[in-house]
Amino acid sequence: MLQGKRILLIVAGGIAAFKALELIRRLRERGAAVRCILTEAGARFVTPLSLQALSEDRVYTDMFSLTDESEMGHIQLSRDADLLVVVPATANILARMAGGLADDLAATVLLATDKPVLAAPAMNVRMWTHAATVANVEILKTRGVTFVGPNDGAMACNEHGPGRMSEPEEIVAAIESMLATNRPLAGKRALVTSGPTREAIDPVRYISNHSSGKQGHAIATALARLGAEVTLVSGPVAVVDPPGVRTIHVDSADQMLAACLAAGAVDIAVCAAAVADWKVTAPSGAKIKKKVGAQPPPLELSPNPDILATLSKPGPRRPALVVGFAAETENLVANAIDKRVRKGCDWIVANDVSPAIGTFGGERNTVHLISTVGVENWPTLTKGEVAGRLAARMALHLAGPRSAAAAE
Ligand code: PMT
């Protein structure tokens with residue numbers, strides 16, 4: 001809930017501005033007060049009247065308006081807010097924010113504010129991947145601006161790729177996470193692995209699997225929402241980096257292990273990545289040539305390091321709670337019980353990855369939570385719900401033996 005929270009929504013000029021209307025409706029449903037600043041370009045896509053009708057507040061547009069300044073100065077607009085949200089965060093407004101411009105009311109308020117800022121980018125895929133935008137986003141991130149999205153998908157310009165603005169419910173979730181007061185994991189550090197690994201055969205070929213990163217990324221988001229300082233080590237995925245989470249991108253299992261160890265001491269480790277069990281012993285430095293009539297080249301494999309087992313090893317650096325996943329296509333629970341013992345983790349989350357079930361890449365998951373106490377069968381949930389439940393259980397576990405026993 002966002003009861004009593006005050007959101008200052010900055011609506012900039014992009015086709016996705018229409019989603020601001022739905023966002024206002026959802027924020028108000030949750031009890032937030034919404035006040036809008038509409039840029040000149042934004043007013044070409046949505047009218048001040050629509051924003052005013054939905055927010056039930058006046059809409060601010062002009063920095064040099066005597067009425068605006070006398071009734072509510074640009075500094076006061078930011079002072080009165082708990083959070084500033086830029087939606088859509090166009091390439092232009094991101095560039096103006098990064099450059100510290102104050103050439104209209106929106107940019108001036110963003111420059112003058114000391115409140116947290118959330119930006120929901122939306123733009124053509126080439127604008128999003130342009131070196132200038134990449135650099136601007138990097139600058140803003142280092143200054144503490146939080147980003148939600150953009151998503152990958154079809155865009156209004158008939159192109160496909162990253163640049164599509166997050167849906168209103170995703171933006172609401174990011175806002176709730178930034179303004180959450182119930183943060184039982186505040187002061188705790190968490191490490192999450194997610195996605196597949198890629199094991200090189202040669203510079204152009206690799207061994208990998210179908211993991212999309214959706215489950216692991218959702219867990220990182222859920223832990224951050226409860227206040228944990230989260231490091232996410234992700235293999236190559238198309239899903240976006242979760243807001244408010246430090247994400248480290250890797251390719252291979254060796255790199256994933258090194259990034260996990262470099263993350264330092266943590267209280268919680270969750271290994272949701274689908275790590276390749278084997279790597280090619282001696283990947284070729286050059287593309288292996290296909291010779292007409294010759295046999296395919298043999299691939300000699302050697303085992304990858306086991307990240308979960310490494311993190312679970314007893315010792316002063318062992319996290320207080322280590323959670324693994326078990327991806328099985330048969331004897332799900334029995335195999336997962338064995339796996340938990342073999343790897344030495346505290347809990348294991350078993351899920352069926354048979355193609356017919358659609359766990360890899362899908363939106364939902366049916367899991368069994370296995371601990372030393374026993375097996376809990378959870379109903380089919382969205383991956384976000386699985387993550388939310390799991391994070392809540394971890395918070396309860398870390399809160400102390402009495403709360404944990406009640407939960408288990
Ligand atoms: O990414 P999605 O498309 O959302 O799909 C989610 C998922 C199916 C990938 C996820 O829910 C899941 O099951 N992740 C674990 C996949 C896996 O590799 O399972 P496993 O049973 O092979 O491995 C058991 C555990 O050991 C896992 O926690 C794994 O991260 C870990 N492991 C495995 C091998 C290795 N070398 N190092 C490891 O840390």
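On a predicted model such as this, the values are computed, not experimentally measured, just so you know. Just follow the structure's listing: the first ligand is 1, and inside any ligand the first atom is 1.
Backbone and side-chain nitrogen or oxygen atoms of Ala273 are examined, and one is located within less than 3.5 angstrom of a nitrogen or oxygen of ligand 1. In terms of polar-atom proximity, Pro305 is counted as a contact of ligand 1, with an N or O under 3.5 Å from an N or O of the ligand. Below 3.5 Å of separation, one finds no N or O of Ala326 facing any N or O of ligand 1. Between Ser211 and ligand 1, an N or O atom pair is found at a separation short of 3.5 Å. For ligand 1, one of its N or O atoms has an N or O atom of Lys339 under 3.5 Å away.
Pro116 places none of its side-chain heavy atoms less than 4.5 Å from the side chain of Asp82. Counting heavy atoms from C-beta outward, Ile171 and Leu27 have side chains that stay 4.5 Å or more apart.
In Ala327, the parts holding a heavy atom less than 4.0 Å from any atom of ligand 1 are both the side chain and the backbone. Under 4.0 Å from ligand 1, not a single heavy atom of Val237 appears. The residue Ile348 has no part lying near ligand 1, judged by heavy-atom distances below 4.0 Å. Of all the heavy atoms of Asp306, the ones lying under 4.0 Å from any atom of ligand 1 are found in both the backbone and the side chain.
For the residue pair Gln215 / Asn351, no side-chain donor-acceptor distance below 3.5 Å is found, with atom types taken as modelled.
Side chain of Lys214 to main chain of Gly361: a donor-acceptor pair is present (N/O by atom type, distance under 3.5 Å, no hydrogens or angles). The backbone N or O of Ala253 sits less than 3.5 Å from a side-chain atom of Glu199, completing a donor-acceptor pair. Side-chain atoms of Thr197 never come within 3.5 Å of backbone atoms of Gly235 as a donor-acceptor pair (strictly under, hydrogens ignored). Of the possible polar contacts, none joining the Lys313 side chain to the Arg318 backbone as a donor-acceptor pair under 3.5 Å is found.
The local environment of CZ in Arg342 is crowded, with over 12 non-hydrogen atoms from other residues, nucleotides or ligands closer than 6.0 Å.
Residue Ala272 places a heavy atom less than 4.0 Å from ligand 1. The shortest heavy-atom distance from Gly213 to ligand 1 is under 4.0 Å.
Comparing Val275, Asn351, Leu311, Asn365 by heavy-atom distance to atom 35 (C) of ligand 1, the nearest is Val275. When the heavy-atom distances from atom 2 (P) of ligand 1 to Ser212, Gly362, Cys260 are ranked, the shortest goes to Ser212.
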